[in-house]
Amino acid sequence: MSVRVRFAPSPTGFVHIGSLRTALYNYLFAKKNNGSYILRIEDTDQSRLVGGAVENMLDILSWCGIEHNEGVVKKDDEIIQVGECGPYIQSERLGIYKKYIQELLEKGCAYYCFCSKERLEQVREEQLERHETPKYDGHCRDYSLEEAKERAEKGEPCVVRLRLPENKDIIFNDAVRGRVVVNTNDLDDQVLIKTDGFPTYHFAVVVDDYLMGITHVIRGEEWVISTPKHVYLYEAFGWQAPLFVHLPNILNSERKKLSKRQGDVAAADFKKKGYLPEGLINYLALVGWSPEDEQEIFKMEELIESFSIERVSKSGGIFDTDKLNWVNSHFIKEYDLDVLSKLSIPYLIEAGYMTEEETIEKIDWVKDLVSIIRERLSSLAEIKKEAAIFFNNEIKPENEEAKEMLRLAHIHELMNIFEEKVKNAETIDQNFGKILFKQIQKETGYKGKELYMPIRVFLTGEIHGPDMGMTLKLLGKEKILSRIQYVRDYLIKNQ
RNA sequence: GGCCCUAUGGUCAAGCGGUUAAGACACCGCCCUUUCACGGCGGUAACUCGGGUUCGAUUCCCGAUAGGGUCACCA
């Protein structure tokens, strides 16, 4: 039997970084096994729907290179569905759920419940007072089906609940956790169909996974506890349950579940910050899974090749931005320069360094810039910081070491000779720098740090920065000269 | 709180009864670079704690502790 997996998010907002990783693992597993990866939309909670969420989701998944074979896709800016097992949007499958809930009702595995929210709330409070675990008290469990059906058909508000047997161990095998046993006494008579006629997750997921031929359910560990309910439903229908694979959570630095509050949990945030999809995916794959060998940097094809569920870890992992940065910097260094330059432009504009027209006009200059600062970048957003020296007109030697450089005895000598050489230069290219530094060394006797450092400081105000030769080229004659003058004035003012 | 799960350096993690307990990130040092990076080399740093089982436990079992998950007509 061929592998079929699915990623089934609800369109309630942005794509969480943890969901992205779930999608990734589903995708990798499907590809690895020549199977199908399906994207289904679980929009059964009508009150939580967020407009545009599906589009955003499809965009970010596609940006990451996680492409599905079936389900909801975007084509020419329109949402369409492809595949044999549709519809792939749960709100379009209401008729299907209706049919299957009847079967359950008739089998006695489910029952109508007419309890009001108020009553339920009261029961809950009482149980809490008695320090019991809140649970449905079975008030409507024993109505006859005919009677209940009649009431329901007359329009009395009701839900349909799962009728769980008492004190029965439900056992299932989890691919990462092994054998999991949960007693039905610790489970609730879960609502399957809500008052509004929509199914709950628990019902829809079972029906859909079965109907769509899902062989492996790969999802977050928050579903472990409710899996026995799903297993029970499979049994009630006489269906074979898929293999469950529950992934450990991704945590924040406080070992808590990554939440919206700390920011940077939306995959789109990382895109905005200038992480490359390859970097994000590569890093994400490594939180909760490890390869057999010691490889750290992976292309998608390599991930597919190496991925296996056996090597998914059981314990949650902390999301480590440092490591993400390191992984991402690899891809920044290796990216095609033209592509990287294009991606960098929005950050230059956003920083206010250049206008859009300027970036088009001076595209070669931008490429030169990107080519020298890329090695210092772990995300594109850092361009703002790393490129600042080329755009700020005032030199601000705030750093103590930088100030020290400017107090050097030979600073004026260096500035003078440097100024003269630049003034007389015809073109300032990368080679010019090389020759220039050689000449100055010859004429003054300064070399190494005592030569480069002061010059870097009076040109940029910083003691660190990109290669000096390229820095000169990028700065250009005019800027170099005006900066030397600026520093002279600065030194007089700060004497 | 009940139930379920997890536990190796600061972080990700390998290990699956006998190892000098890998590797990566971060940090520190050295080298390379006439500068800055990149890169290379090296260093600091870990089996949560008790009991068992065993000739021998990081590894198996039990308990404690800590952390996570869950307890909705949300997914």
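Per chain, numbering begins at 1; letters A, B, ... match sequence-line order.
There is a side-chain donor-acceptor pair under 3.5 Å between Y275(A) and N325(A). Between the side chains of T227(A) and R219(A), at least one donor N or O lies within less than 3.5 Å of an accepting N or O. Between the side chains of E156(A) and Y112(A), no donor-acceptor pair of N or O atoms lies under 3.5 Å. Side chain to side chain, Q122(A) and E126(A) meet the donor-acceptor criterion of an N or O pair below 3.5 Å.
Base pairing annotation: C55(B) forms a Watson-Crick or G-U wobble pair with G18(B), both donor-acceptor distances under 3.5 Å. The partner of U34(B), taking Watson-Crick or G-U wobble pairs whose two distances both stay under 3.5 Å, does not exist in any strand shown. Of the nucleotides present, U11(B) is the one that pairs with A24(B) by Watson-Crick or G-U wobble criteria, both distances under 3.5 Å. Pairing for G29(B) goes to C41(B), judged as Watson-Crick or G-U wobble with the two contacts each under 3.5 Å. In this structure, A75(B) makes no Watson-Crick or G-U wobble pair, since no nucleotide meets both defining distances under 3.5 angstrom. Pairing for C3(B) goes to G69(B), judged as Watson-Crick or G-U wobble with the two contacts each under 3.5 Å.
Within 6.0 Å of NZ on K299(A) lie no more than 12 heavy atoms contributed by other residues, nucleotides or ligands. Remark: E292(A) CD is loosely packed, at most 12 non-hydrogen atoms of other residues, nucleotides or ligands lying under 6.0 Å away.
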Subject >> Per-nucleotide protein contact string for nucleotides 19-34 of chain B, where B marks a base within reach and S marks sugar-phosphate only (heavy atoms under 4.0 Å, - for neither) >> reply: ---BBBSS-------B
Subject >> Protein proximity profile, nucleotides 64-75 of chain B - base contact B, sugar-phosphate-only contact S, no contact -, cut-off 4.0 Å on heavy atoms >> reply: ---SSBSBSBBB
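Between the C1' atom of A14(B) and the CH2 atom of W289(A) lies a distance of 13 Å, rounded to the nearest Å. To the nearest angstrom, C1' of U35(B) lies 11 Å from CZ of R376(A). Following rounding to the nearest Å, R456(A) (CZ) and C36(B) (P) show an atom-to-atom distance of 7 Å. The CD atom of E132(A) sits 15 Å away from the C1' atom of C3(B) (whole-angstrom rounding). R374(A) places its CZ atom 13 Å from the P atom of G39(B), with the value rounded to the nearest Å. In this structure, the CG atom of L128(A) is 14 Å from the P atom of G2(B), given to the nearest Å. Following rounding to the nearest Å, I389(A) (CD1) and U35(B) (P) show an atom-to-atom distance of 17 Å. The distance from atom NZ of K314(A) to atom P of U6(B) is 5 Å, rounded to the nearest whole Å.
Comparing C47(B) with U8(B), their C1' atoms sit 4 Å apart, to the nearest whole Å. Rounded to the nearest Å, the gap between the C1' atom of G51(B) and that of A45(B) is 29 Å. Taking atom P in both U58(B) and C16(B), the straight-line distance is 14 Å, to the nearest Å. Remark: the separation of the P atoms in A7(B) and C61(B) is 11 Å, to the nearest Å. Here the separation of A13(B) from U20(B), taken at their P atoms, is 26 Å to the nearest Å. Comparing the C1' positions of C31(B) and C38(B) gives an interatomic distance of 14 Å, to the nearest angstrom. Nucleotides G29(B) and C12(B), compared at atom C1', are 24 Å apart to the nearest Å. When the C1' atom is compared between U33(B) and G39(B), the two are found 10 Å apart, to the nearest whole Å.
A centroid separation of less than 6.0 Å is found between the aromatic rings of F307(A) and W289(A). Residues F172(A) and W223(A) place their aromatic rings such that the two centres sit no closer than 6.0 Å.
Within 4.0 Å (heavy atoms only), H464(A) reaches sugar-phosphate atoms of the nucleic acid but no base atom. G317(A) comes within 4.0 angstrom of sugar-phosphate atoms only, judged by non-hydrogen atoms across all strands, and of no base. Backbone-only contact: G288(A) has heavy atoms under 4.0 Å from sugar-phosphate atoms and none from a base.
Remark on RNA chain B: of its neighbouring residues Y283(A) and I463(A), the 5'-side contact belongs to Y283(A), judged by nearest-heavy-atom nucleotide.
Relative orientation of the Y283(A) and F319(A) rings is perpendicular, given thresholds of 30° and 60° on the angle between their planes. By the 30° and 60° cut-offs, the orientation of the rings of W326(A) relative to H330(A) is perpendicular.
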**OP:** Take V206(A) and H202(A) through the test side-chain contact (heavy atoms from CB on, under 4.5 Å) and record every step on the way to the result.
**Re:** CA-CA 7 Å; V206(A) 169; H202(A) 305 280; over 6 Å; no
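Without hydrogens or angle criteria, T184(A) side chain to P165(A) main chain gives a donor-acceptor distance under 3.5 Å. Formation of a donor-acceptor pair under 3.5 Å by the N26(A) side chain with backbone atoms of T22(A) is found in this model.
Partner of D189(A) under the salt bridge (charged side-chain N to carboxylate O under 4.0 Å, His left out) criterion, out of R141(A), K229(A), K135(A): R141(A) alone.
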Find every protein N or O atom lying less than 3.5 Å from an N or O atom of nucleotides 15-17 of chain B, and list the pairs.
unit_1	atom_1	unit_2	atom_2	d
G15(B)	OP1	R311(A)	NH1	3.2

